[in-house]
Amino acid sequence: MEPKIVLAVSGVLFALGVIGVLLRRGAISILMCIELMLNAVNLAFVAFSRMHGATGQVFVIFVMTVAAAEAAVGLAIVIAIFRHRQTVDLDGLRILRG
Amino acid sequence: MTALTTTAYVVLALLAVLSALVVVWHRNPVVSALALAFNLVAIAGFYLVMDAQFLALLQVIVYAGAIMVLILFVIMLLNLRQELRGRDSGLLQRVLGPLLGVALGLLLVRVLWRSVTSGFAPPSPEFGTVASVGRELFGTFFYPFEAISLLLVSAMVGAVLLAKRRL
């Protein structure tokens, strides 16, 4: 029963992260929802690792490292956006729109 | 599995899902960030209950301790106000997006629910310890380990460069 609970939470958290990325307007809020999705995946990795061996935990370490790197670069981009437009509202960024 | 551990799983599940709802729903980015920190600690609790002690500590130190602090610093520096409710996107996007997200959630939960047939077996005594994870990391995954250290260096350089006022 317990693996089912953990994996169900992982699925729900991932779906909530997706909904957040689709609905939110602020750049930082979207980054936070992406972190939520990454954590949901980490949770699933650890649950399966508990059943099958230590490899899943190594993948969690890799995902955490990539998430840290992505958060740093993403926040630097947010700061650069803010410096130009005094807002982080992503709905106004439509220069590349066709 | 005793009833106590099952209760722990259910309580952690409720905490994680409720804090995730606050992250996705609340307009104030500071409240969102604090709810996300709570969620990350709840997930660390999950790791602990599943005997992955090293990962629980890493989760608290790296995620709740470093990444969330970084996010809160940026929110504080940018002095963000309440986030506006989406008005520019059409009704179709505002309804269809969450609908498809819920459909994705249902699909994921159904598939994952059916993918396991038994409960957790008792773990080997060295499951989740630093030694066992380290043995795997520096043994089978040695090249990816070196690759992510290069990734971290390039991310550091990139973050400093992107945030500079003038190049």
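Residue numbering restarts at 1 for every chain, and letters A, B, ... go by the order of the sequence lines.
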If every non-hydrogen atom of [X] is compared with every non-hydrogen atom of [Y], which pair is closest and at what distance?
X       : Y        : value
A:Leu7  : B:Leu112 : O-CD1, 3.3 Å
A:Met32 : B:Ser32  : CE-CB, 3.5 Å
A:Ala15 : B:Gly105 : CB-CA, 3.3 Å
A:Leu13 : B:Ala16  : CD2-O, 3.8 Å
B:Ala20 : A:Leu16  : CB-CD1, 3.7 Å
A:Ala72 : B:Leu70  : CA-CD2, 3.9 Å

Side chains of [X] and [Y]: closer than 4.5 Å at any heavy-atom pair?
X        : Y        : result
B:Tyr47  : A:Asn42  : yes
A:Phe62  : B:Leu137 : yes
B:Thr140 : A:Thr55  : no
A:Gln57  : B:Glu136 : no
A:Glu35  : B:Tyr63  : yes

- Query: What part of B:Val111 is in contact with chain A, defined as an atom under 4.5 angstrom from a non-hydrogen atom: side chain, backbone, both or neither?
  - Reply: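 For B:Val111, no heavy atom lies under 4.5 Å from chain A.
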
- Taking atom CD1 of B:Ile43 and atom CG of A:Asn39, what is their separation to the nearest 0.5 Å? 4.0 Å

- Message: Within this structure, what is the CG-CZ distance for the pair B:Leu77 and A:Phe82, rounded to the nearest 0.5 Å?
- Response: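 Those atoms lie 9.5 Å apart.
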
So which part of [X] gets closer than 4.5 Å to some heavy atom of chain B, the side chain, the backbone, both or neither?
X       : value
A:Leu22 : side chain
A:Ser49 : both
A:Val66 : both
A:Ala47 : both
A:Val18 : side chain

- Query: Short question: side chain of A:Arg50, backbone of B:Phe120 - any donor-acceptor pair under 3.5 Å?
  - Reply: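 Judged by distance alone, no pair lies under 3.5 Å.
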
- Do A:Lys4 side-chain atoms and B:Val116 backbone N/O form a donor-acceptor pair below 3.5 Å?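 Pair found, side chain donor or acceptor close to backbone of B:Val116.
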
- Item | Option in A:Leu75, A:Ile5, A:Ile79 with maximal non-hydrogen atom pairs under 4.5 Å from chain B | A:Leu75

- Pairs of heavy atoms under 4.5 Å with chain B: top-ranked of A:Met51, A:Gln86, A:Arg83: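 Between A:Met51, A:Gln86, A:Arg83, the count favours A:Arg83.
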
- Message: With no hydrogens and no angle check, just 3.5 Å: does a side-chain donor-acceptor pair link B:Thr6 and A:Glu2?
- Response: yes

